[in-house]
Amino acid sequence: MDLPPTTRSVPAARHVVRELVRAWQVPQDDADVALLVTELVANVVDHVGGEAVLSLEVEFSDGWLRIAVADGSAVQPVVGELRGDQPRGRGMQIVEAVADRWGVEQVDGGKRIWFVMGPGGD
């Protein structure tokens, strides 16, 4: 699914993914999945924006759920240090804490940030 990197894409992506995982009856917690999608898409909106398109990819196979967001920016995500004086900036920490694995791949001058969640949902 391709979306513009605007704030409206955050709830749209969350809604679409939540409906997909419910329809597919995946064992992963749909609230956790929606949270991670929100964080990845919001990061693109916050850090890439512009005229780029973000692509949301959702795969489910053998009990594993893989979700990726690709964008046209080569800037890599950073798992920042928690600081109480910053109201934002915890997105990748949340992804790291909730997903079983996550990573970044270089694609077409940009990147694809992905996470996977196993059948146990942890």
Side-chain angles (χ1 to χ4, degrees):
M1 172 177 181
D2 290 339
L3 297 164
T6 65
T7 55
R8 289 181 181 190
S9 293
V10 176
R14 181 176 52 242
H15 174 76
V16 166
V17 170
R18 217 167 182 175
E19 291 301 313
L20 267 178
V21 299
R22 286 177 179 163
W24 291 346
Q25 298 179 343
V26 303
Q28 292 79 3
D29 182 279
D30 66 322
D32 285 348
V33 173
L35 173 64
L36 298 187
V37 168
T38 296
E39 294 303 332
L40 292 188
V41 174
N43 277 349
V44 173
V45 171
D46 288 348
H47 301 291
V48 177
E51 298 299 316
V53 170
L54 69 89
S55 295
L56 177 64
E57 304 163 359
V58 183
E59 299 174 45
F60 182 63
S61 178
D62 295 327
W64 285 84
L65 181 66
R66 182 182 191 275
I67 297 180
V69 174
D71 63 54
S73 170
V75 177
Q76 299 293 304
V78 176
V79 179
E81 184 178 324
L82 267 181
R83 291 186 28 204
D85 62 338
Q86 290 182 330
R88 300 191 56 186
R90 294 174 176 86
M92 293 312 297
Q93 289 177 339
I94 292 169
V95 172
E96 188 169 73
V98 177
D100 287 310
R101 290 187 311 272
W102 74 275
V104 182
E105 305 163 343
Q106 297 293 326
V107 291
D108 301 324
K111 66 182 169 301
R112 176 183 292 117
I113 304 171
W114 56 267
F115 68 85
V116 293
M117 297 175 80
D122 4 283

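What you see below is based on every heavy atom in this structure, not just the backbone, and it leaves out hydrogens, waters and symmetry mates.
Criterion: ILVMFWY side-chain heavy atoms under 4.5 Å apart, direct or through other members. Under it, V104 and V41 are part of a common hydrophobic cluster. Under the 4.5 Å side-chain heavy-atom criterion for Ile, Leu, Val, Met, Phe, Trp and Tyr, L35 and L20 are members of the same hydrophobic cluster. Two different hydrophobic clusters hold W114 and V107 under the rule that ILVMFWY side chains link at heavy-atom gaps under 4.5 Å. Follow the hydrophobic side-chain contacts under 4.5 Å out from I94 and you reach V37 in the same cluster. Two different hydrophobic clusters hold V116 and V21 under the rule that ILVMFWY side chains link at heavy-atom gaps under 4.5 Å.
Expressed to the nearest 0.5 Å, how far CZ of R66 lies from CZ of F115 amounts to 10.0 Å. M92 contributes atom CE, which lies 9.0 Å from atom CD of E39 (distance to the nearest 0.5 angstrom). Between the CD atom of Q25 and the CZ atom of F60 there is a distance of 9.5 Å, given to the nearest 0.5 Å. In this structure, the separation between CG on L36 and CD1 on I67 is 7.5 Å, given to the nearest 0.5 Å. Atom-to-atom distance recorded for L40:CG and I113:CD1 is 6.0 Å, nearest 0.5 angstrom. Taken to the nearest 0.5 Å, the CG atom of L56 stands 12.0 Å off from the CG atom of D71.
Between the side chain of D108 and the backbone N or O of G110 there is no donor-acceptor pair closer than 3.5 Å. Checked by atom type and distance alone, the side chain of Q28 pairs as donor or acceptor with a backbone atom of M117 at under 3.5 Å. Under the 3.5 Å distance criterion, the side-chain polar atoms of S55 are left unmatched by any main-chain donor or acceptor of A70.
Partners of A34 according to the side-chain contact (heavy atoms from CB on, under 4.5 Å) rule, which considers only residues two or more places apart in sequence or in another chain, are R14, R18.
For the pair V45 and P5, the tightest heavy-atom approach, listed with the atom from each and the gap, is CG2-C, 3.7 Å. Between G63 and P27, the shortest heavy-atom distance links the atoms O-CG, 4.2 Å. L3 and A13 get closest at one heavy-atom pair: CD1-CB, 3.8 Å.
For Q106, the CD atom sits in a packed shell: over 12 heavy atoms of surrounding residues, nucleotides or ligands are nearer than 6.0 Å.
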Q) Should R112 and E57 be marked as a side chain to side chain contact (heavy atoms under 4.5 Å, CB included) after you check the CA-CA gap, both sets of side-chain angles, and the distance that decides it? A) CA-CA 10 Å; R112 176 183 292 117; E57 304 163 359; 2.9 Å; yes
Q: Please step through side chain to side chain contact (heavy atoms under 4.5 Å, CB included) for the pair L65 and V33, ending with a clear verdict.
A: CA-CA 9 Å; L65 181 66; V33 173; 3.5 Å; yes
